[in-house]
Amino acid sequence: MMESLVSFFAMGGYYAYVWPAYGLAAVVLGGLLVVSLRALRVRQAEVDRLEGGGRRRRAGGGGA
Amino acid sequence: MRPFLRLVRRDLRLAFRQAGDSATVVMFFVLAVVLIPFGVGPEPAILARIAGGIIWVMAMFAALLSLERLFQADYEDGSLELLVLSPQPLAATVVAKCLAHWLSTGVPLILAAPLLGLVMNLEADGIGALVVALALGTPTLSLIGAVGAALTLGARRGGVLLPLLVLPLYIPVLIFGVAAVEAAISGLPMRPHLLLLGALLLAALPLCPWAAAAGLRQALE
Amino acid sequence: MTVSLHRFANPARFLKIAALVLPWASGLTVGLLGLGLYLGLVASPPDYQQGESVRIMYVHVPAAWMAMFVYSVIAVASATALIWRHPLADLVAQASSPIGACFTFLCLVTGSLWGKPMWGTWWMWDARMTSVLILFFLYLGHMSLSKAFDDPVRGAKAASVLALVGVVNLPIIKFSVDWWNTLHQPASVMRLDGPTIDGSMLTPLLLMALAFTMYYVALLILRVRAEMLDRKLRTARLAAVDAATVPAPAR
C-alpha cells in the first residue's frame with residue numbers, strides 16, 4: 001500500500017514535472033473561480049445596499 | 001479624390017509643422033539600432049547575421065511611436081467628428097490618414113535603413129532586400145496600427161495599450177520582412193517573401209480601414 | 001436612461017436559463033474532473049516512450065483545445081454584438097477572455113513542464129507553442145482593451161472589433177509562424193502529440209476536455225452575472241449623480 005503510494009507520487013521519476021503541471025492547473029482554475037465568485041458577491045452586495053439604501057433615502061426625504 | 005488628397009496634405013503639413021515628428025522617429029530608430037552592438041559586441045559576422053531582424057524590429061517600434069497621435073489630435077479638437085460627418089466614406093478618410101502617417105514616418109525609416117544596414121555590416125544584397133521589404137511592409141504597419149489607434153481612442157493609458165494590441169498583429173510582417181533579407185544574404189530568391197509581404201498589404205488595405213472606421217465611430221458615439 | 005436600465009438590469013431570460021444550467025454545469029465539472037483525474041493519473045498506462053510524463057497531456061491538450069474554443073466563442077459573440085447589437089453577446093465576449101487567457105497560460109506552462117523532460121529545454125520555438133504564445137498575447141490585449149475605458153459599453157465594443165481583427169489574423173499568424181519555423185529549424189523535434197493515442201489514454205483526455213468545457217460554462221455564467229451587476233451599478237451611480245446635480249423638475 002505504502003509502496004504503491006510512493007511510486008504513484010514518484011511518477012516514474014517525472015514527479016517534478018507532472019505534479020507542478022497539475023498543481024498549477026488547480027491553482028489557476030481554482031483561483032479564477034474564487035476571484036469570479038468574490039467579484040459577483042461584492043457586486044451583489046453593492047446592488048442590494050443601493051436598492052435598500054435608495055428606499056430608505058426616499059423615506060427620509062419624505063420626512064424632511 | 002480631391003478631399004482625400006486634401007486630407008493627406010493637411011495631415012502631412014501638421015506632421016512636419018510639429019517640430020519634426022518624423023525626425024524624432026528616425027532618430028529613435030537610428031539610436032535603437034546603434035545600441036545593439038553595445039549589447040551583443042562589435043563582431044562584424046554576428047552583427048551581419050542579426051542586422052535584418054534588428055532593423056525590422058526597431059522599425060516597428062519606431063512606427064509605433066507616432067501611431068498614438070494618428071487620431072488623437074483630431075479627436076481632442078473635434079475635427080474627427082467633422083471627418084466622420086463629411087460625405088467621404090470614413091474608411092477612405094482612414095486610408096488618407098494612414099497614407100500621411102506612412103509618408104511622414106514610414107518613408108523616412110526606409111531612407112534611414114540603408115545607412116543602418118551599413119553600420120550593422122549588412123551586405124549590399126541584404127541592404128537592397130531590406131529597403132524593398134520595408135517599402136512593402138511599412139504601409140501594412142501603418143494600416144494595422146490605425147486599427148489599434150482607433151480602438152484605443154479615449155482609453156485610459158491608451159499609449160501603453162496600443163503596442164500590446166498591435167505588436168502581435170505585426171508578427172507576420174516581421175517574419176516575411178526578415179526572411180526576404182535573409183534570403184538575399186544567402187543567395188536564395190527573395191521574390192516569394194516579397195510577394196507574401198505584398199499580399200499582406202493587399203489584404204490589409206480593405207480590411208484595416210474598415211475596422212478602424214468602426215473603431216472611430218464607436219469612439220464618437 | 002430607462003431603456004438601458006431595462007436592457008441590462010432585466011435580462012430575465014438569460015438569468016432564468018443560467019439558474020437552470022449552473023448547478024448542472026458545476027456538478028458535471030466536479031464529476032467529470034474526478035473521473036478524468038482518476039483515469040488520467042491512476043488507471044491509464046504510462047506511455048512506452050514518454051513514461052509517466054505523458055500524464056501532463058491530460059491537462060495540456062484540453063487546455064490547448066479550450067484556448068482555441070474560448071477564442072472562437074469570443075469571435076462569434078463579438079460578431080453577434082457588432083451585427084445585431086445584442087447586449088448579452090458583449091457580456092459573453094468580455095467575460096470569456098480572462099477564462100480563455102487562463103487556459104492559454106496553462107497550456108503554455110504545462111507544455112513547458114512537459115517539454116523539459118522530453119526536449120531537454122523549457123521552451124522551444126516550436127510552431128505550435130509559438131502560435132499559442134501569440135494567442136495568449138491576443139487574449140491579454142482583448143482583456144486590457146475591454147477594461148481600458150471609463151464606459152464599459154465602449155470597452156466591450158472596442159474589444160469586439162479587436163476580437164474580429166484577431167480572428168482574421170489568426171490563420172495568417174499561424175501560417176507565417178509555421179513557415180518561419182520550418183525555415184529556421186529542420187523538423188527533428190519530437191512533437192508533443194507524438195504518441196498515437198490509445199483508447200485508454202483517449203478516454204481520460206476527452207473526460208478532462210469535457211470537464212474543462214463545463215467549468216468554462218459555469219464560470220461564464222458567474223462572470224456574465226457579475227458584469228450585468230456591474231453595468232447596473234454604473235447606471236445607478238450615474239442616475240444618482242444626475243439626481244444630485246440636476247435640480248428635480250417640479251412635479
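- Contacts between B:L200 and chain C at a heavy-atom distance below 4.5 Å involve the side chain alone, from C-beta outward.
- Environment of CH2 in C:W65: crowded, with over 12 heavy atoms of neighbouring residues, nucleotides or ligands closer than 6.0 Å.
- With chain B as the partner, the residue from C:L162, C:L170, C:L138, C:V168 showing the most heavy-atom pairs under 4.5 Å is C:L162.
- C:L133 does not touch chain B: none of its heavy atoms, backbone or side chain, sits under 4.5 Å away.
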Between side-chain atoms of residues 145-154 of chain B and protein atoms elsewhere (two or more places apart, or another chain), which donor-acceptor pairs fall under 3.5 Å?
| from | atom 1 | to | atom 2 | distance (Å) |
| --- | --- | --- | --- | --- |
| B:T152 | OG1 | B:G148 | O | 2.9 |
| B:T152 | OG1 | B:A149 | O | 3.4 |

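- For B:P172 against C:I173, the heavy-atom pair with the smallest separation is CG-CG1, 3.8 Å.
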Next item on the list: In sequence, state the C-alpha distance, the side-chain angles, and the governing distance for B:Q218 and C:V153, and then conclude on side chain to side chain contact (heavy atoms under 4.5 Å, CB included).
Entry: CA-CA 10 Å; B:Q218 288 171 3; C:V153 178; over 6 Å; no
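- Most heavy-atom pairs under 4.5 Å with chain B: of the set C:G141, C:A159, C:G155, C:A158, this distinction falls to C:A158.
- Between B:A211 and C:V161 the shortest heavy-atom distance is O-CG1, 3.9 Å.
- Minimum interatomic distance between C:W179 and B:H193 (heavy atoms only, all atoms of both residues): CH2-ND1, 2.8 Å.
- Within 6.0 Å of CZ on C:F14 lie more than 12 heavy atoms contributed by other residues, nucleotides or ligands.
- Here C:D150 is the residue among C:L164, C:D150, C:L140 with the most heavy-atom pairs under 4.5 Å with chain B.
- When all heavy atoms of B:R156 and C:K147 are compared, the pair lying nearest together is NH2-O, 3.5 Å.
- With sequence neighbours excluded, the residues that form a ring pair (Phe, Tyr, Trp, His ring centres under 6.0 Å) with C:W123 are C:W125.
- Between atom CD1 of residue C:I172 and atom CG of residue B:L196 there is a gap of 10.5 Å, rounded to the nearest 0.5 Å.
- Between atom CG of residue B:L165 and atom CZ of residue C:F137 there is a gap of 13.0 Å, rounded to the nearest 0.5 Å.
- Put simply, the side chain of C:M143 does not reach to within 4.5 Å of the side chain of B:L164, judged on heavy atoms.
- The heavy-atom pair separating B:L161 from C:A148 by the smallest distance is CD2-CB, 3.5 Å.
- To the nearest 0.5 angstrom, C:S176 atom OG is 9.5 Å from B:L174 atom CG.
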